[in-house]
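Everything quoted here is computed from the prediction, not taken from an experiment. Order of the sequence lines sets the chain letters (A, B, ...), proteins ahead of strands, with each chain counted from 1.
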Amino acid sequence: MHAVIERGWRAVLGLPSRIGIKHANTSAAAVLLLLALLYLVGASDLPLWSQHNAMGPGMFPMALGIVLAVLAVMIWLEPRSRAPSESGTQPWRAPMIVLGILFIYVLVGIPLLGFTLANFALVLAMRRVYEPGFWRTDAAGSGATAIAVHVVFVDIMGLYFPVMPTWLSR
Amino acid sequence: MDAFQGLQSGLIQAMEPHNLLVAFLGVFWGTLVGVLPGVGPVAGMTILIPFTRGMDITQSMIALAGIYYGVMYGGSTTSVLLAVPGESSSIVTILDGHQMAKKGRAGAALALCAIGSFVAGTLAVFGLVFLAPPLASVALDFGPPEYFMVTLVGLSAASYLSSASLARGLSMAALGLMASTVGMHIITGNQRFVYDRVELAGGLEMVAIFMGLFGIAEVLEMLVAPAQKMRHEGLFDLRRLMPNREERSRSVLPILRGGLVGFFMGTLPGGGGTIPTFVSYALERKISKRREEFGKGAPEGVAGPEAANNAAAVGQMLVLLTLGVPFGVIAAIMLNAMIVKGIYPSPLLMVRNPEFFWTVVGSMYIGNAMLLVLNLPLVGIWAALLRIPQRWLAPFIVILCSVGVYTVNFNVRDVLLMVAAGGVGYIMRRADLSAAPVAIGLVLGPIMETALGQSLIISRGSLLIFVTRPYSAAFTVLLALLLLWPLVQWLVGRRVIPVSEV
């Protein structure tokens with residue numbers, strides 16, 4: 001009986017045949033549940049109804065938050081339907097380094113160095129992560145890329161970018 | 001203006017020199033993006049959206065449609081030459097296309113992809129021309145309840161079919177809908193989830209989120225994806241570009257069947273992308289008298305799916321232009337581009353903006369023709385692009401995305417949002433969560449909420465309105481079937497096989 005119920009439940013979730021109950025989805029479910037709860041807290045400040053019994057600004061968010069919370073629980077309960085992606089030995093280290101480089105590029109690079117120099121630094125840093133070559137080659141290639149971007153987008157297309165560092169333009 | 005006159009006028013407009021140039025640039029860029037390993041169609045389109053801001057809406061749509069066709073063809077190129085799908089709907093092409101290449105028939109395989117796409121796309125455009133008016137007239141009876149239900153069905157179907165499970169797909173759709181609520185409430189004007197931040201008052205910038213989820217996430221994915229090496233260098237000879245007589249004769253009916261399958265599947269919620277190609281391949285294999293050749297270089301296995309792929313795109317455009325409802329991520333991006341320009345697709349679009357409607361339809365045909373005429377001779381260039389190392393490609397994509405996003409509002413915070421969305425997108429991929437439903441939910445959120453609010457006003461707060469009106473009730477039943485489909489299949493003894501879509 002328990003097996004029948006379990007097969008039915010997995011069928012409702014739309015999963016292939018039995019692999020075994022695992023909680024590999026716990027992290028995803030936990031994050032989604034947290035998001036749902038935070039969203040519901042924010043939505044609770046909004047009125048559910050407005051004038052003349054019309055739908056208020058809080059109703060749609062409230063419904064979405066509840067739906068997401070329920071779905072998060074469903075994800076937590078479902079077994080992992082397939083093996084994690086074959087993605088090499090370190091699926092996190094290098095991407096997080098590149099992500100960090102991108103954040104530094106936006107938060108520090110552009111204000112401190114200006115658009116063109118920040119692009120040079122970005123390309124150089126990323127090339128060192130993806131496939132480091134000789135420093136001189138990487139630097140030359142990065143410089144050429146930054147200059148090309150400047151010429152195409154700023155000079156030819158006439159788009160406005162903060163080319164100069166913000167501390168210089170004050 | 002009847003359909004024929006409309007198409008005639010649209011073709012004339014589409015063949016204006018500036019529109020032809022835009023179509024060429026779109027097709028060229030789309031093919032380039034489709035060929036480049038690691039850059040999908042969504043990323044390719046979103047990168048170009050900001051650069052279409054200087055164009056008028058017609059040219060923007062021509063460019064985006066050209067990109068879409070180009071990406072599909074470019075994806076086929078990598079499938080045939082590298083056995084690597086440039087995008088998800090090119091997966092099936094590997095099965096027989098790469099085998100043809102191994103036999104020295106790479107040129108013929110690529111030609112079949114282009115010819116099949118052109119023929120099926122052309123037929124599908126005619127299908128659009130003659131089906132759009134009656135579909136629009138039916139849709140004129142649609143009110144807010146119908147629009148709410150059709151968008152809900154479309155979002156649910158696309159979410160389910162693009163994800164590993166129903167719960168995962170719907171949760172991502174819910175995330176997209178939630179993100180769309182940030183900013184000012186359309187009906188009451190209340191600020192929601194803004195927390196006194198001025199930059200959030202206008203809502204989250206969709207282009208930044210799209211680029212992050214698809215463009216930046218792809219760049220991060222390149223670091224962990226196995227290196228793709230050219231497995232088959234050549235026997236690629238331009239003199240052997242065309243299919244021989246036998247290949248041509250074996251491809252005619254598969255192209256026609258694939259076009260029919262793809263077009264009608266494209267009009268269904270979630271019916272675009274990979275599914276029409278798999279259905280076409282399965283159909284051709286089932287009815288073929290040379291079944292044993294499938295998987296070993298059967299021309300039918302290339303021509304049919306490629307035809308279905310292109311025709312499905314036209315089917316999605318039919319629904320988008322007549323109902324204003326996107327049934328896929330690409331259509332959602334195009335809808336966003338239209339809304340930004342002040343065009344709201346609806347059944348009255350043909351009446352209110354006939355020039356725009358028919359020019360876009362005409363440009364779809366022109367784009368198809370360009371694909372055929374221009375891309376085949378340039379296929380040597382595309383093959384060379386496959387050798388671009390990631391250390392060059394990844395920074396180029398990042399800079400292009402950054403430039404594109406920055407030029408939307410000239411605000412660095414949008415670039416920051418893009419990077420954050422990129423991180424989220426990468427984490428989602430590791431967790432087997434598809435980003436496509438997020439994008440669709442983000443675009444459809446305001447439409448759904450407005451339709452829901454209006455429906456509840458009409459019904460004085462009663463949800464029964466969604467089951468008492470005929471069309472709305474039909475969509476409600478469809479939604480119920482969709483959500484219960486896994487259970488139904490279990491009851492009849494079949495397994496559910498979800499299909500992933502980029």
Among the listed options I216(B), L452(B), V412(B), I457(B), the residue most often paired with chain A at heavy-atom distances under 4.5 Å: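 So the answer, after comparing I216(B), L452(B), V412(B), I457(B), is L452(B).
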Of all the heavy-atom pairs spanning [X] and [Y], show the shortest one and how long it is.
| X | Y | answer |
| --- | --- | --- |
| V219(B) | Y130(A) | O-OH, 2.6 Å |
| L46(A) | Q191(B) | CD2-O, 4.0 Å |
| I75(A) | A167(B) | CG1-CB, 3.8 Å |
| L220(B) | P95(A) | CD2-O, 3.5 Å |
| G141(A) | W392(B) | CA-CH2, 3.9 Å |

Worked verdict on L416(B) versus F103(A) for side-chain contact (heavy atoms from CB on, under 4.5 Å): CA-CA 7 Å; L416(B) 189 63; F103(A) 273 115; 3.7 Å; yes
Parallel, tilted or perpendicular, as decided by the 30° and 60° cut-offs, for the rings of F193(B) and Y39(A):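 Rings of Y39(A) and F193(B): parallel, under 30°.
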Report which part of [X] has an atom under 4.5 Å of a heavy atom belonging to chain A: side chain, backbone, both, or neither.
| X | answer |
| --- | --- |
| S455(B) | neither |
| A173(B) | neither |
| M184(B) | neither |
| V398(B) | side chain |
| F396(B) | neither |

Any side-chain heavy-atom pair of F115(A) and V403(B) under 4.5 Å: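 Sidechains of V403(B) and F115(A): in contact.
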Side-chain heavy-atom pair P61(A), M178(B) within 4.5 angstrom cut-off: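 Side-chain contact under 4.5 Å: no.
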Over 12 non-hydrogen atoms of neighbours within 6.0 angstrom of CG in D155(A):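 Check passes, neighbour count above 12.
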Partner of M55(A) by side chain to side chain contact (heavy atoms under 4.5 Å, CB included), out of L456(B), T188(B), T450(B):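 Going through the options one by one, the only one that passes is L456(B).
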Candidate pair L400(B) and F153(A), rule side-chain contact (heavy atoms from CB on, under 4.5 Å), full reasoning: CA-CA 10 Å; L400(B) 213 56; F153(A) 292 110; 3.7 Å; yes
Audit row: Y426(B), V98(A), side-chain contact (heavy atoms from CB on, under 4.5 Å) steps and yes/no: CA-CA 12 Å; Y426(B) 180 75; V98(A) 171; over 6 Å; no
